[in-house]
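Here the structure is a predicted model, which is why all the values come from computation and not from measurement.
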Amino acid sequence: MKGNRFQRERERPKHLTKTILRLLGYFREQWYALPAIFLLSIGATAAALIGPFLIGRLIDGLVYPFPAATVTRFALPIFGLLLVLYIWDSLAQFLQTWVVAGASQRLVRSMRHYLFAHLQRLPIKFFDKYMHGELMSRLSNDTDNIAGILGMALVQLTSIFITVTGVLAMMLWLSPQMTFFALVSVPFFFVVGKTIGAKTRRYFRDQQLELGLLNAKIEEDISGIAVIKAYGCEKKSVQDFAKINERLRKAGTQAQIWSGFIMPAMNVINNLSLTVVAFAGAVLAINGSITVGVIASFIAYARQFGRPLNDLASTYNQLQSALASTERVFEILDVAEETPDPPNAVELTQARGDIAFKNVHFGYTEDTPIITDFNFSAAGGSVIALVGPTGAGKTTLVNLVTRFYDINAGEIVLDGQPLENYTRNSLRRAFGIVLQDTYLFTGSIMENLRYGKPNATDEEVKKAAKLVGADRFIRQLPEGYATLLAENSRNLSGGQRQLLAITRCVLANPDILILDEATSSVDTRTEAKIQQAMNMLMQGRTSFVIAHRLRTVADADNILVIDGGKIVEQGNHQALMAQQGVYKRMFDMQLKGIMT
C-alpha cells in the first residue's frame, strides 16, 4: 500500500512459505509478541523435557522393596518438582495463547483496515468486475479465518521447533542407538503431511471461493427482494441459492475429509514408531546397554517427539484454509490503485468551467469502444444537455470528465489544462453530481445531507433543503432531520430520496454540476419545484444535464444528441427543431405521448 510502512511487494503468493512470510511481515506492530512467544515456548518446553528425565531417575532410583526413608528423601522431592514443572507448563501455554490472541486480532484488524482503505483507492472499473458480496466476504470471512488460525499456528510452530530440538538433544544424550530407531518414522510423517496438505489446500481454496459467491448471492437477493417478489421469482432464487450452497457443501466436505485424514494417519505412524522404540529398548536392556528408567524416559521423549510432528502436520493442514483466505486478501491488495497524480499536479481551487473534449476515445474494455473521436467544447457557465437513446454514451461522458474512468486516447481540457494536470481529489470536489440511482447511507437525514459539506451548520443544511423543497417532508417525519434511514433509505419514497440527493448537491455548492436524470423519480409537481431550484443553482455554473424527458432541457444553451458514442446533432432547442432531424423526431414522439 502506497505511502505506508505496510507496503508489500506486489506479487501473487504461489506457495505456503512465501504467503506466510508475507503475512508475518504485517506483524511489525506486534513485534513484541514473537520474542514473548519464543521465551514462553522455551519455558514450557523445558518443563516438558525435564519431566521424563526425572521420571526415569525416579524409576532407576527405587529398588523394590524399598524403605519408607527412600520415599521421603528421594521420591517425594521429585514428585514435588514434577508438580511445579507441569503447573508451569500449563501456565506458560496459557500465557502463549493470551499473547498470541491479542497480537493476531490486532494484526487482522490492521489488515482489514488496510484492505478497506485500499478498496477506497481502487479505480471504479475494479468494482465492475467483482460482486459486492464477494468483496464483503474477503473483508469479513477471510480476515476472520486468518485471525482464527494464525494465532494458533504461531504458537504451535514455535513450540514445535523448540520441542523437536530439545527432545532430539535429550534422546541423543540418553541413547544414540535408541534415537536412530525413533527417527525412522520421520520421513513418513513428512510424506503423508505433504501429500494430504496438497489436497486440502486446493479444497480449502475452493471452499473460500464458493463461500464468497454464496455471500454475494445473499447480498444481491436481499437487496433486490422487492423485484424477486414482484416477478414471482422466489422459487428460482431459492434454486440458484441451492446450487451455490451445494457447491459449497461439496468443497467444504472434501476439505474436511482430507483434513481429517491427517491425524489418523499420523497416529498410526506414531504408534508404530513407539512399538519399534519399545522393542529396541527391550533388546538393549536385556543386553545391559541401557536401564529400565532410560527406556521409560525415552518412550516419553519419543511420544513428545512424535506429538510435534503430528502437530506440524495438523498445523500445516489447517494453514491451508488460512492460506486460501490470505491469498484472496492479497489478491485484492495486489490490485493497482488509481494512477497517482503526477508530481506537478495542481490543486483546482475554483473552476471557471470551460471544458473541451479533443479527439477522445474510450471503452470500458479494449475491444468494445463506447466513445470514438469525440470533439466538443463548452464555455464556462453554460448548460449542456446530453440526450439520446439508452446506451448511447451519455453517462460515460460525465464519468470521463470527473475522471471516474481515464480516457484511452485524446484529451479532456478544463480551464485550459488537461484533467491529468489537476489532483484527482480537487478535480472531483469541483463537481456536484446527482445520479439517476440515488444512494443514501445508513444514518440520520442530517448526516446524509452533510456528505455534500461535512462542516455545514444545521442552518445551512436546512436552508439547502428549503431551497430544493425537501424541508417540508423532512419536518413531517417522526424525528425530522434526526430521522434514521434504513439501509439505502428504504423507508423513503423514490422521490424523497431524490430530493435528499439534490439537497446534498446544493449544499456542496460546486463549481460544475452533473445532473443524471436528477428528476426522473419525482412527480410533475415536485419536478417543477426541483427544476426551479436547479435553474437557480445552475446560474453561472457549467452544468451537464442528462435527460430523457426533452422538455426539461429545452432551455439548455447547447443540446448534444448522442448516439453510438458520437454527436449526431447539436445546438439549442430552436435550432435543433428547425433542422427537422433526430432531436425533432424524439421531441415530437414524447410530445405526442404526453398529449395522448
Side-chain angles (χ1 to χ4, degrees), residues 1-2 4 6-28 30 103-119 121-122 126-127 129-154 156-157 193-216 244 247-248 250-259 262 312-337:
M1 295 171 193
K2 195 161 184 168
N4 64 61
F6 288 92
Q7 183 175 5
R8 297 288 173 263
E9 182 183 355
R10 299 287 188 183
E11 63 172 3
R12 168 78 177 179
K14 297 179 176 63
H15 53 73
L16 179 64
T17 304
K18 282 188 176 180
T19 304
I20 290 178
L21 291 176
R22 183 177 178 184
L23 185 60
L24 289 177
Y26 285 84
F27 238 107
R28 288 186 179 180
Q30 284 78 44
S104 61
Q105 288 297 326
R106 284 189 291 271
L107 165 67
V108 174
R109 178 197 61 189
S110 297
M111 286 191 68
R112 191 180 291 120
H113 170 78
Y114 294 128
L115 179 59
F116 187 79
H118 182 69
L119 287 172
R121 296 190 292 268
L122 292 179
F126 166 83
F127 298 93
K129 300 177 182 179
Y130 285 88
M131 292 180 288
H132 295 170
E134 165 70 3
L135 294 177
M136 291 165 55
S137 180
R138 300 195 189 208
L139 265 167
S140 55
N141 293 338
D142 286 314
T143 52
D144 285 342
N145 195 33
I146 294 170
I149 294 177
L150 180 62
M152 176 189 63
L154 275 175
Q156 289 188 347
L157 289 174
K194 184 176 181 181
T195 302
I196 297 178
K199 289 282 188 181
T200 55
R201 179 182 177 187
R202 177 163 61 89
Y203 289 130
F204 274 123
R205 185 187 299 116
D206 292 343
Q207 180 183 357
Q208 291 302 121
L209 173 63
E210 297 299 338
L211 180 60
L213 294 176
L214 187 74
N215 286 332
I244 303 175
R247 294 201 304 267
L248 176 59
K250 289 181 178 179
T253 300
Q254 290 174 320
Q256 295 302 320
I257 287 175
W258 278 96
S259 70
I262 196 77
L312 179 62
S314 176
T315 301
Y316 179 81
N317 185 41
Q318 292 166 339
L319 277 173
Q320 307 312 308
S321 176
L323 175 62
S325 294
T326 304
E327 285 181 330
R328 284 162 53 79
V329 171
F330 285 162
E331 182 183 4
I332 303 299
L333 291 175
D334 289 343
V335 175
E337 299 175 1

> Among all residues two or more places apart in sequence or in another chain, which pass the ring pair (Phe, Tyr, Trp, His ring centres under 6.0 Å) test with Phe126?
Replying inline: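 For Phe126, the residues satisfying ring pair (Phe, Tyr, Trp, His ring centres under 6.0 Å) (neighbours in sequence not counted) are Tyr130.
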
> Between Met111 and Phe116, is a side-chain contact (heavy atoms from CB on, under 4.5 Å) present by the stated rule, with each step listed?
Replying inline: CA-CA 8 Å; Met111 286 191 68; Phe116 187 79; over 6 Å; no

Roughly how far, to the nearest 0.5 Å, is [atom2] of [Y] from [atom1] of [X]?
X	Y	atom1	atom2	value
Ser110	Leu115	OG	CG	12.0 Å
Leu122	Ile332	CG	CD1	7.5 Å
Leu135	Lys129	CG	NZ	12.5 Å
Asp206	Leu211	CG	CG	12.5 Å
Leu139	Leu119	CG	CG	5.5 Å

> Which atom names give the shortest non-hydrogen contact between Arg112 and Ser140, and what distance separates them?
Replying inline: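 Closest pair (atom of Arg112, atom of Ser140, distance): NH2-O, 4.5 Å.
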
> Does Thr253 have any side-chain contact (heavy atoms from CB on, under 4.5 Å) partners at least two apart in sequence or in another chain, and if so, which?
Replying inline: Arg249, Ile257

> Taking His118 for the side chain and Val335 for the main chain, is one N or O donor matched with an acceptor at less than 3.5 Å?
Replying inline: yes

> Between Ile244 and Arg247, is a side-chain contact (heavy atoms from CB on, under 4.5 Å) present by the stated rule, with each step listed?
Replying inline: CA-CA 5 Å; Ile244 303 175; Arg247 294 201 304 267; 3.6 Å; yes

>> Between Arg138 and Glu331 (salt bridge meaning N to carboxylate O under 4.0 Å), is one present in this structure?
In response: yes

